[in-house]
Amino acid sequence: MRSEPSTPTRPTVREAFLRLMRELGLDTVFGNPGSTELPMFRDFPKDFRYVLGLQESVVVGMADGYAQATRRAALVNLHSAAGVGHAMGNLFTAYKNQTPLIVTAGQQSRSILPFDPFLSAVQATDLPRPYVKWACEPARAEDVPRALLRAYHMAMQPPCGPVFLSIPADDWDRPCDWVDVRHVSHAIAPEPQAIARVAEALAESRRPVIVVGAGVDRDDAVDRVVQLAERHEAAVVVAPMSARCGFPERHRLFQGFLPAMREAIVETLAPYDLILVLGAPAFSYHVEGSGPHTPATARLWQIVDDPQVAAWTPSGDSVVASIGLAVDALLAGPGPRAKRVPPAPRAAVAPAPASDPMSAAFALQTLDAVRRPGDVVVEEAPGSRSTMQRCLPMAGAQSFYTMASGGLGHGMPAAVGVALARQRQQQPGRVICLIGDGSSLYSIQALYSAVQWRVPMSFVILNNQRYAALQDFAPVFGYGPQDKPAGTDLPGLDFVALAKGHGLSGRRVERAAELGPALHAAFEDAGPNLVEIVVN
Ligand SMILES: Cc1ncc(C[n+]2csc(CCOP(=O)(O)OP(=O)(O)O)c2C)c(N)n1
Ligand SMILES: [Mg+2]
């Protein structure tokens, strides 16, 4: 490998890249290295840290959780085409989550690329498309630092998302020029006339409902949305498949969750005359539907930061804007013209019986009783999602994360990433990774990273020995009552053994009476641990 030392006036690509990383606050690298990346981190600065993921889906998932919890782009380092391949599932999820990530991947040295060398990536920038907003292999080595700055701003620009840089291994020792950090204000103010129309519709409405999506918490606007709802006595529901908590779920105005089904959405929203969708598609569907997308008697206004989503929305009108600025504008607008009757509070959920084996409802009600106010839930337990929504209400800003994509394998590492961010920010509370037995195994090596960084978190595995979501969903696709989909039972898995194999302590709970004490003990621990709950 050739090496041209820097001259007194010109730094190497590595020096300029690292200085820019530091100035952008990118001092944590999530990666899994190979030979093509080794030159990048020679003389790795002492004030940086390298968070190793044992598989690239873990790397990207951790970076996603970290970026979401810090609300800043995170840097990912992958190994050539193979590393990008392993990362792809969680890259798809990061794209759907609108998580700002700068994904770098090593490429073979430029001088041997004509000979299809070992580990070279053919059309490297095409591989992660279409799930990156921008992909670049700089034309010259000296363009690499500037590409990082552009990548950072592209990732942070709404809609946020991953971007990709392919960097040849022989670039790092080449001379280049320093690149100074530039700041870009990324927030988008709503067009004044358009937001005035929304404010007017809200003031005139007799029964408004606000539909909150992940964009609310992403833009740090949960508390302002609470103010808006209270001012208008508006009902609040969560958008289908929302990946974050947009409203405190014990609030008197909170009315529950929209399913990802067209007819059911129309039915749920039928009592309202104004539907204000904040930071969500209107709407995300999981199955086919027919008929109207919104009730005929309601007017829909959507505020989103993603022009693509605004473009495909089938009914109503949209304003493209940052949610926080748009809600600020609505708060400055008129209050309700006529007195409003607030929606009736939701009925309390009955306690689930303490049966053996336990129900998921009992397990989650017990978890709700044991967890503490500052704790954060990162969830991936598809078959228990609706039970969680009933039994484990989330507190509001930065209290809940799941994936927007539907792709499993995000929850385990994302929880570690959120815990790493909270550890760094010295925030109190634990991260609770609530995860299905099946889901946990798509990126189980996240356990190892949790141990290495001693993050305050508990993996709570809901072990029902099956892919319940698929078995429960089968009738929708014409399966008979006795007709179980092939490949959906998961017998014989031992999560305490899997934890032990990664250096993590775990306990298995089979009896209802033991669950409360076991969760208490786990949550008292300063470091990471695992609780496997056997449910029916
Ligand atoms: C990457 C990926 N592969 C497969 C699926 C299909 N899938 C959806 S839910 C599910 C089962 C999840 O099982 P588990 O985590 O045990 O939760 P449960 O359904 O039992 O609550 C599967 C396999 C998916 N969504 N993503
Ligand atoms: Mg399961």
Side-chain angles (χ1 to χ4, degrees), residues 14 17-18 21 26-45 48-67 73-95 99-109 118-121 124-125 127-128 131-132 135 137 148 151 155 162-169 171-172 407-421 440-455 498 501-504 528:
R14 183 190 306 100
F17 195 92
L18 290 175
M21 275 178 65
L26 300 168
D27 62 355
T28 303
V29 178
F30 296 88
N32 187 281
S35 53
T36 47
E37 296 73 45
L38 288 180
M40 178 173 181
F41 296 119
R42 203 173 68 222
D43 311 320
F44 192 59
F48 283 29
R49 51 187 193 157
Y50 192 95
V51 178
L52 172 68
L54 297 181
Q55 208 267 10
E56 286 81 355
S57 71
V58 177
V59 172
V60 173
M62 289 194 297
D64 183 320
Y66 191 83
L75 195 111
V76 173
N77 181 234
L78 305 175
H79 184 42
S80 189
V84 176
H86 287 168
M88 215 48 222
N90 272 339
L91 206 53
F92 164 66
T93 290
Y95 184 79
T99 302
L101 295 181
I102 302 160
V103 180
T104 61
Q107 168 67 296
Q108 262 297 6
S109 296
F118 194 58
L119 280 168
S120 60
T125 54
L127 185 55
Y131 299 114
V132 288
E137 187 174 281
L148 171 66
V163 297
F164 181 75
L165 284 182
S166 168
I167 308 174
D171 284 3
W172 297 102
L408 301 177
H410 173 261
M412 293 285 279
V416 178
V418 172
L420 275 164
S440 72
L441 288 161
Y442 291 84
S443 30
I444 191 79
Q445 308 94 319
L447 296 174
Y448 179 80
S449 302
V451 173
Q452 297 307 310
W453 292 91
R454 281 196 56 74
V455 278
L498 284 164
H502 289 85
L504 187 70

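A quick note: this is a predicted structure, and the numbers were derived from the prediction, not measured. Starting from 1, each residue takes its place in the sequence as its number.
Between A73 and L26 the shortest heavy-atom distance is O-CD2, 3.3 Å. Residues A74 and F30 share a closest heavy-atom pair of CB-CE1, 4.2 Å. Residues A446 and V416 come closest through the heavy atom pair O-CG2, 3.7 Å. Listed here is the closest heavy atom pair of G83 and L78: O-CD1, 4.1 Å. When all heavy atoms are compared, the tightest approach of A169 to P39 is O-CG, 3.6 Å. The two residues V163 and A151 come nearest to each other via the heavy atoms CG2-O, 3.4 Å.
Here CG of L91 is found 11.5 Å from OG of S57. Values are rounded to the nearest 0.5 Å. Atom OG of S80 is separated from atom CG of L127 by 9.0 Å, given to the nearest 0.5 angstrom. Taking OG of S443 as the reference point, atom NE2 of H410 lies at 9.0 Å (rounded to 0.5 Å). Interatomic distance, CE of M40 versus CG of N77, reported as 4.5 Å (0.5 Å rounding).
Taking the side chain as every heavy atom from C-beta outward, M412 and I444 approach each other to under 4.5 Å. Side-chain contact check for L441 versus L498: some heavy-atom pair is nearer than 4.5 Å. Residues L148 and L75 have side chains in contact (heavy-atom distance under 4.5 Å, counting atoms from C-beta outward). In this structure, P128 and V103 have side chains that are not in contact, with every pair of non-hydrogen atoms separated by 4.5 Å or more. At least one side-chain heavy atom of W453 sits less than 4.5 Å from a side-chain heavy atom of R49. Residues V58 and Y448 fail the side-chain proximity criterion, which asks for heavy atoms closer than 4.5 Å. With contacts defined as side-chain heavy-atom distances shorter than 4.5 Å, the pair V29/F41 qualifies. With contacts defined as side-chain heavy-atom distances shorter than 4.5 Å, the pair F164/V84 qualifies.
With hydrogens and angles disregarded, a donor-acceptor distance shorter than 3.5 Å links the side chain of T104 to the backbone of V76. In this structure, E56 contributes its side chain and G85 its backbone to no donor-acceptor pair below 3.5 Å. Between the side chain of Y50 and the backbone N or O of N32, at least one donor-acceptor pair lies under 3.5 Å. At least one donor-acceptor pair closer than 3.5 Å links the side chain of Q107 to the backbone N or O of A121.
Checked options V59, L38, L119; the residue passing with H79 is L119 (criterion: side-chain contact (heavy atoms from CB on, under 4.5 Å)).
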Next item on the list: Please lay out, stage by stage, how N90 and D64 fare under the test side chain to side chain contact (heavy atoms under 4.5 Å, CB included).
Entry: CA-CA 8 Å; N90 272 339; D64 183 320; over 6 Å; no

Next item on the list: Tell me, with the steps shown, if L52 and Q452 meet side chain to side chain contact (heavy atoms under 4.5 Å, CB included).
Entry: CA-CA 9 Å; L52 172 68; Q452 297 307 310; over 6 Å; no

Next item on the list: I would like to know whether L18 and F48 meet side chain to side chain contact (heavy atoms under 4.5 Å, CB included); could you show each step before the answer?
Entry: CA-CA 9 Å; L18 290 175; F48 283 29; 3.8 Å; yes

Next item on the list: Take F92 and M88 through the test side chain to side chain contact (heavy atoms under 4.5 Å, CB included) and record every step on the way to the result.
Entry: CA-CA 6 Å; F92 164 66; M88 215 48 222; 5.7 Å; no

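Looking at H502 and Q445, their side chains never bring a donor and an acceptor atom within 3.5 Å of each other. There is a side-chain donor-acceptor pair under 3.5 Å between S166 and E137.
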